[in-house]
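Let me begin by presenting the structure, written as C-alpha cells, before commenting on it.
On a predicted model such as this, the values are computed, not experimentally measured, just so you know.
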Amino acid sequence: MDTRALVLGGGGPVGIAWEKGLLAGLAAEGVDVEAADHILGTSAGSVVGAELASGRGPAAMLQAEMAYAARAAEAEGRHGPAPDLGPALALMARRPLDRETPVDLRIEFGAMAMAARTVSEDAYLAGFGGLADAHRPWPPRFACTAVDAVTGAFVVWDEDAAAPLGRAVASSCAVPGVFPPVTIDGRKYVDGGVRSGCNADVAHGHGRVLVVAVVPPLLAGLLLPGVRREMEVIAAAGGRAELIVPDAEAAATFGPNLLDGARRGDVARAGERQGRAEAARIKAFWN
C-alpha cells in the first residue's frame, strides 16, 4: 500500500489561489506533488487537481494564477460585489461535528441551490475555460466530488464515471445559492463541499495522504473536526495522513469571503511562501 494520494479541499477562488501557490512553493523546494498516484479534489480543489493531473505543473499553475490576478486588477471596479456566502454558511453551521453531513441536510442544500436565482448553467460552465472543453480527456488519476441536488447522494467522479471533465469539475464547485446545479446524465449536482470540505476519507486505502484544507482560523472550529475525523478513517485503513492548512500569514490575505477573488495575487504569493516553509516537513512524509 505504498501509494500516495493528494487531497485538495474547497475554498472558492481564494482557495484556488492559495492551493496553487502552496503546491508551487512545495515543488520549488523539492516536494514532488506531481508524483501523486491519486489526486482528489473538492470544489476549488477540483479545479487545481484537474489541472495538476492533466500535466500542468505547479510552477505553471502559479504563473497562470498571477497573470489572472494581474488582469483582474486591471479590471477592478468592472465587476459587482462578491457573492453572498451567508445562506450557505448558515446551513454549514448546522453540520454535526462528529459525523459527516447527514443526507437530509444535503437535501436542504440541494433545494436551496435549485430555488436560487443564479447565472445560467451554460454561463457558469463557460467560466471554467479549457476545463469545460467537451473533448478534453479525463486525467486517469484524478477524481472529484459532488452531491446529488435532489437525493443528497454523494458521488465521486472519476475516469470510470459517465461525466465529462468540465461538468464534473463545475458540479464540484457549484456552491448552493451562488452557482447553478450542474446537469450530468439528466440529474442535477452541487458542490462536493456540501458533504465535506475535503472528503479526505475517500482517499482511504492509500499509504500516504497529503490533505490540503482551506481552513481559515475563523472557520477552524466548524471545519477542522471533520478533517481530523476523515484523517482517522485513513489511519484506520492502514495509511498515514499529513495536513496543511493556511498559516496565520496566509490567512491574513484571504479577506472575509472565500468567493471574493480580488486578492488572488496576494493569496497566491502567501501560498507559495507557506509551501516553501512547509517543504521540509512535507518532504519527510511524501518523498
Side-chain angles (χ1 to χ4, degrees), residues 4-29 31 33 36 39-49 52 58 61-62 65 85 89 92-93 95 97-98 100-101 145 191-193 195-203 208-235 239-260 263-264 266-286:
R4 293 174 292 182
L6 175 63
V7 174
L8 299 166
V14 167
I16 290 174
W18 177 71
E19 288 181 351
K20 287 183 176 182
L22 181 83
L23 295 182
L26 288 170
E29 296 298 328
V31 180
V33 290
I39 299 172
L40 175 71
T42 290
S43 200
S46 71
V47 174
V48 180
L52 186 66
M61 286 198 295
L62 177 58
E65 183 67 20
L85 268 176
L89 288 174
M92 284 178 60
R95 298 198 300 197
L97 299 181
D98 60 345
E100 72 177 57
T101 307
T145 65
D191 198 316
R195 176 187 183 257
S196 160
C198 284
N199 295 298
D201 54 320
V202 175
R208 285 170 286 170
V209 182
L210 178 58
V211 181
V212 178
V214 186
V215 180
L218 288 177
L219 296 179
L222 181 65
L223 301 178
L224 268 185
V227 178
R228 299 289 188 190
R229 187 182 65 251
E230 291 166 4
M231 292 172 68
E232 290 172 1
V233 173
I234 293 167
R240 293 184 295 139
E242 195 70 40
L243 175 65
I244 303 179
V245 298
D247 62 16
E249 187 175 337
T253 67
F254 283 11
N257 188 338
L258 294 178
L259 294 183
D260 185 356
R263 306 183 184 200
R264 285 177 72 157
D266 291 340
V267 171
R269 281 188 287 270
E272 182 186 20
R273 178 207 52 77
Q274 183 178 354
R276 289 179 180 273
E278 296 270 21
R281 174 175 73 92
I282 300 304
K283 189 185 297 185
F285 167 76
W286 182 260

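For Arg263 and Asp266, the salt-bridge test fails: no basic side-chain N is under 4.0 Å from an acidic carboxylate O. Salt-bridge formation is not detected for the pair Lys283/Glu29: no Lys NZ or Arg NE/NH1/NH2 atom is positioned less than 4.0 Å from an Asp or Glu carboxylate oxygen.
In this structure, Trp18 CH2 and Asp247 CG are separated by 8.0 Å, a value rounded to the nearest 0.5 Å. Between the CG atom in Leu8 and the CG atom in Leu52 there is a gap of 7.5 Å [rounded to 0.5 Å]. The distance from the CH2 atom of Trp286 to the CG atom of Leu6 is 5.5 Å, given to the nearest 0.5 Å. Distance check, rounded to the nearest 0.5 Å: CG of Asn199 to OG1 of Thr42 gives 4.0 Å. Atoms CZ and CD, from Arg273 and Glu278 in turn, are 9.0 Å apart once rounded to the nearest 0.5 Å. Rounded to the nearest 0.5 Å, atoms CG (Leu40) and OG1 (Thr145) are 6.0 Å apart.
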Donor-acceptor list for residues 222-229 side chains, cut-off 3.5 Å, not counting sequence neighbours:
from: Arg229; atom 1: NH1; to: Leu97; atom 2: O; distance (Å): 2.9
from: Arg229; atom 1: NH2; to: Arg99; atom 2: O; distance (Å): 3.2

Checklist entry - Does the side chain to side chain contact (heavy atoms under 4.5 Å, CB included) test come out yes or no for Val214 and Phe254, once each step is laid out? => result CA-CA 10 Å; Val214 186; Phe254 283 11; 4.0 Å; yes
Checklist entry - Can you check side chain to side chain contact (heavy atoms under 4.5 Å, CB included) on Arg264 and Glu65, steps first, answer last? => result CA-CA 8 Å; Arg264 285 177 72 157; Glu65 183 67 20; 2.5 Å; yes
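Taking the side chain to side chain donor-acceptor pair (under 3.5 Å) definition, one finds that Glu230 meets it with Ser196, sequence neighbours left out.
The only member of Arg4, Arg281, Arg208 that meets salt bridge (charged side-chain N to carboxylate O under 4.0 Å, His left out) when paired with Glu242 is Arg281.
Scanning all heavy atoms of the two residues, the minimum distance from Gly9 to Cys198 falls at CA-SG, 3.9 Å.
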